[in-house]
Amino acid sequence: MEWVYISDLHKYTGQKVEIRGWLYNIRSKGKIAFLQLRDGTGRVQGVAVKGECNDDAFLKIDGLKMEASISVTGDVRKDSRAPSGVELTINDITVIQNPEEDYPISKKEHGIDFLLEHRHLWLRSSRTEALLKIRNQAVISLRNFFHEKGFILIDTPILTGSIGESSSTLFSVKYFDMGNAYLAQTGQLYLEAACMAFGRVFNLGPTFRAEKSKTRRHLTEFWMLEAEVSFLENEGSMDLQEEMICSLVDSILSKNEAELKVLGRNTGPLKKITAGFPRIEYSEAVKMLDKLGKPVKWGNDLGGDEETILTEQFEKPIFVTNYPKHAKAFYMKENPENPETVLCADLLAPEGYGEIIGGSQREDRYDELISRIREEQLPESAYRWYLDLRKFGSVPHSGFGLGLERTITWITGNKHVREAIPFPRTISRLYP
RNA sequence: UCCCCUGUAGCUCAGCUGGUAGAGCGGGUGGCUGUUAACCACUAGGUCGGCAGUUCGAGUCUGUCCGGGGGAGCCA
């Protein structure tokens, strides 16, 4: 008997096969029982009819608990009543392990605390499966995008000295007899070093922020895709980001139709994500917000509410550029046309999802950079190597970081970033 | 750190101006040959987050502590 995956079942209609998987629901009508099976590749209904199915097997069905692991043999059959188009007429059932306890996750709704406490089991649900399969595709798509363009993957360290964006809080760990090391909150500075060696580089890895943020947009551990390109100015960086986002959305739309359907995502807005994202200067955005009845004092950063109002004016993601210098990180290059601002761009996703990318042209002049480091009272010695990059063949360069979970949350139309990562880490959760 | 919401059965929740607890799902038993979160009948299951207070009487009001959620700040 050939063991096949559920996703391949349609190739075996009219044949007898074996399926190995888990029982996620049973509906029994006495002399006929419907077994809902999943194996990670898909879901299918097995139909066991008394008399047609092996008698011993039919008797076993009654004792099966939710999420029992079983192997089932039967005939693959086309059936218009089945959501996937095929069903399995069951001949025999082998029980691999039948739970003694009731499965904690029921078919009805659960609260988020309960679900997160059972994340190790929640992974099995169809929603989580869809979300994480989209995440998988997103990572493949992003990596392909950069590889096809000739970017070099540079994995940046996770254990670092005290370096990064000073404003955020760092997680610290004891590092032998060298005092504290910190979990990276960005790989950017290392990518800047790498782009002076390789020209165009990127990374994709975990980053850590010990911010006490409790919102639908924050995790303490999240994955970020960062890219850094030498001889690229801010405008060119936005071109690159735009192309990347369009390619990403395209790939999800074409490869994950089934998953988007499971999630109930209206794909209409996603289909409008094509090149030509509006680029709005910060000062212009402040004027727009004034007209829209949400005045912001020039110089203040834009908050979540402001971002939402701005994005609602457009169907595509928008870049908000050239923020006031003091609202942004020390490494951003001063805008030669207005020294009060820096050459940067945040990409705000539509439909109220807000910031998914933060990017900028980097300060490439030694004197300017060191004075910014001193202004911010950063530990100068930790930045010695970073300053070296401005001493030995400094060139204009730009880069950006894309929040993977935020991007997936937007594309899937989900409400919270914590479902876009297999095991979310939040301010109040380290288990499972 | 601050603001708002919340904690009642295994789960999701209801419980009005205070009068000592209820539903659906899940569990158990029985029924059903096409179910799609199946359905029908019966059934078991609770120190109402902890502590203190007001009151004849507290799930309900007050204080406090603890847990959880959302948001601000900060950021992707």
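None of these values were measured; they are calculated from a predicted model. Below, chains carry the letters A, B, ... as their sequence lines are ordered, and counting in each starts from 1.
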Worksheet, complete the sentence: For RNA chain B, the expected dot-bracket line (Watson-Crick or G-U under 3.5 Å, [ ] crossing, | inter-strand) is (((((((..((((.....[..)))).(((((.......))))).....(((((..]....))))))))))))....

Practice prompt. Take Y383(A) and F330(A), measure what ring pair (Phe, Tyr, Trp, His ring centres under 6.0 Å) needs, and give me the verdict at the end.
Written response: CA-CA 12 Å; Y383(A) 290 90; F330(A) 74 95; 5.4 Å; yes

Discussion item. Starting the side chain at C-beta, find the nucleotide from rU33(B), rC75(B), rC32(B) nearest to I32(A).
Written reply: rU33(B)

Worksheet entry | Spacing between I112(A) atom CD1 and rC13(B) atom P, to the nearest angstrom | 11 Å

Worksheet item: Should the pair E117(A)-R429(A) be classified as a salt bridge under the 4.0 Å nitrogen-to-oxygen rule?
Response: yes

Practice prompt. Assess whether ring pair (Phe, Tyr, Trp, His ring centres under 6.0 Å) is satisfied between Y103(A) and H118(A), documenting all intermediate values.
Written response: CA-CA 11 Å; Y103(A) 190 61; H118(A) 296 85; 8.7 Å; no

Item to complete: With C1' as the reference atom in both, quote the distance from rC48(B) to rG59(B) in angstrom, rounded to an integer.
Response: 5 Å

Practice prompt. Send over the distance from D113(A) CG to rC11(B) P, rounded to a whole Å.
Written response: 10 Å

Practice prompt. Using a 4.0 Å heavy-atom cut-off across all strands, classify R216(A) as base, sugar-phosphate, or nothing.
Written response: sugar-phosphate

Worksheet item: With sugar-phosphate meaning primed atoms plus P, OP1 and OP2, does F114(A) contact a base, only sugar-phosphate, or nothing at under 4.0 Å between heavy atoms?
Response: sugar-phosphate

Fill in: Pairwise 5' ranking along RNA chain B for E109(A) and K328(A), keeping only the more 5' one
E109(A)

Discussion item. Rounded to whole Å, how long is the line connecting atom CG of D305(A) with atom P of rC74(B)?
Written reply: 13 Å

Practice prompt. Mark yes or no: R43(A) above the aromatic ring of Y24(A), with NZ or CZ under 6.0 Å from the six-membered ring centre and no more than 45 degrees from the axis.
Written response: yes

Discussion item. For a quick check of understanding: with a heavy-atom distance under 4.0 Å over all strands, which category does E405(A) fall into, base, sugar-phosphate or nothing?
Written reply: nothing

Worksheet item: When the C1' atoms of rG63(B) and rU54(B) are considered, how many whole Å apart are they?
Response: 11 Å

Discussion item. Taking rU35(B) as the reference, what is the distance to rG71(B) when you measure between their P atoms (whole Å, please)?
Written reply: 42 Å

Worksheet item: Going by the angle between their ring planes, with limits at 30° and 60°, are F146(A) and F400(A) parallel, tilted or perpendicular?
Response: tilted

Discussion item. Quick test of your reading of the model: are K255(A) and E259(A) salt-bridged, counting only N-O distances below 4.0 Å?
Written reply: no

Worksheet item: Just how far, in rounded Å, is C1' of rU12(B) from CD1 of I105(A)?
Response: 14 Å

Practice prompt. Could you tell me whether the phosphate oxygens of rA72(B), OP1 or OP2, come under 4.0 Å of any side-chain nitrogen or oxygen in R217(A)?
Written response: yes

Discussion item. Is the base of rA76(B) stacked against the aromatic ring of F222(A), taking ring centres under 5.5 Å apart and planes under 30° as the test?
Written reply: yes

Worksheet item: Taking the P atom of each, how far is rC3(B) from rG73(B), in whole Å?
Response: 16 Å

Worksheet item: When rounded to the nearest Å, what value does the distance between P atoms of rG18(B) and rC11(B) take?
Response: 29 Å

Item to complete: Classify the side chain of H218(A) and the base of rC75(B) as holding, or not holding, a donor-acceptor pair under 3.5 Å.
Response: yes

Worksheet entry | Base rG71(B) to side chain S213(A), donor-acceptor N/O within 3.5 Å cut-off | no

Worksheet item: What does R418(A) touch in the nucleic acid at a heavy-atom separation under 4.0 angstrom: a base, only the sugar-phosphate, or nothing?
Response: sugar-phosphate

Fill in: Partner of Y190(A) under ring-ring contact (aromatic ring centres under 6.0 Å, His included), chosen from F202(A), Y386(A), W385(A), F198(A)
W385(A)

Worksheet item: Say you pick atom P in rA9(B) and the same atom in rA23(B); how far apart are they, in whole Å?
Response: 14 Å

Worksheet entry | NE2-OG distance between H397(A) and S237(A), expressed to the nearest 0.5 angstrom | 11.0 Å

Discussion item. Just to be sure I understand the rule, does I357(A) reach a base, reach only the sugar-phosphate, or reach nothing, if contact means heavy atoms closer than 4.0 Å?
Written reply: sugar-phosphate

Worksheet item: CZ of R124(A) versus P of rA37(B): gap in Å, rounded?
Response: 21 Å

Worksheet item: Which nucleotide in the list rG34(B), rG28(B), rU33(B) gets nearest to the side chain of K65(A)?
Response: rG28(B)

Practice prompt. Please measure how far the P atom in rA52(B) lies from the corresponding atom in rA58(B), and state the result in whole Å.
Written response: 13 Å

Fill in: Closest-nucleotide 5' rank along RNA chain B - winner of R81(A) and T220(A)
R81(A)

Practice prompt. Starting at atom OH of Y323(A), determine the distance to atom C1' of rA76(B), rounded to an integer number of angstrom.
Written response: 13 Å

Worksheet item: Using a cut-off of 4.0 Å on non-hydrogen atoms, how would the nucleic acid contact of H416(A) be classed: base, sugar-phosphate, or nothing?
Response: sugar-phosphate

Item to complete: Using a heavy-atom cut-off of under 4.0 Å over every strand shown, decide if N25(A) touches base, sugar-phosphate, or nothing.
Response: sugar-phosphate

Worksheet item: Can a donor-acceptor pair be found between the side chains of N414(A) and T412(A) at a distance below 3.5 Å?
Response: no

Discussion item. Without decimals, in angstroms, what is the distance between K214(A) NZ and rC2(B) C1'?
Written reply: 12 Å

Discussion item. Counting only side-chain nitrogens and oxygens, does K107(A) get under 4.0 Å of the OP1 or OP2 atom of rG26(B)?
Written reply: yes

Practice prompt. Could you tell me whether the phosphate oxygens of rA76(B), OP1 or OP2, come under 4.0 Å of any side-chain nitrogen or oxygen in T407(A)?
Written response: no

Discussion item. Students often get this wrong, so: under 4.0 angstrom with heavy atoms, is E87(A) touching a base, only sugar-phosphate, or nothing?
Written reply: base

Worksheet item: Is it true that E334(A) and K325(A) have a side-chain N and a carboxylate O under 4.0 angstrom from each other?
Response: yes

Worksheet entry | Rounded distance in Å between the P positions of rG46(B) and rU6(B) | 27 Å

Response to the item:
Taken to the nearest whole Å, NE2/H118(A) to P/rG68(B) is 15 Å

Discussion item. Mind checking if T207(A) touches a base, just sugar-phosphate, or nothing, with heavy atoms under 4.0 Å?
Written reply: nothing

Practice prompt. Output the single nucleotide from rC74(B), rG69(B), rC75(B) whose closest atom is nearest the side chain of R209(A).
Written response: rC75(B)

Item to complete: State whether Y323(A) and K328(A) meet the cation-pi test: NZ (Lys) or CZ (Arg) under 6.0 Å from the six-membered ring centroid, and within 45° of the perpendicular axis.
Response: yes

Worksheet item: Base, sugar-phosphate, or nothing: which does R127(A) touch, judged by heavy atoms less than 4.0 Å apart?
Response: nothing

Worksheet entry | Selection from rC25(B), rG73(B), rA76(B) that lies nearest to any side-chain heavy atom of E355(A) | rA76(B)

Worksheet item: Between rA76(B), rU33(B), rC11(B), which one does the side chain of V49(A) approach most closely?
Response: rU33(B)

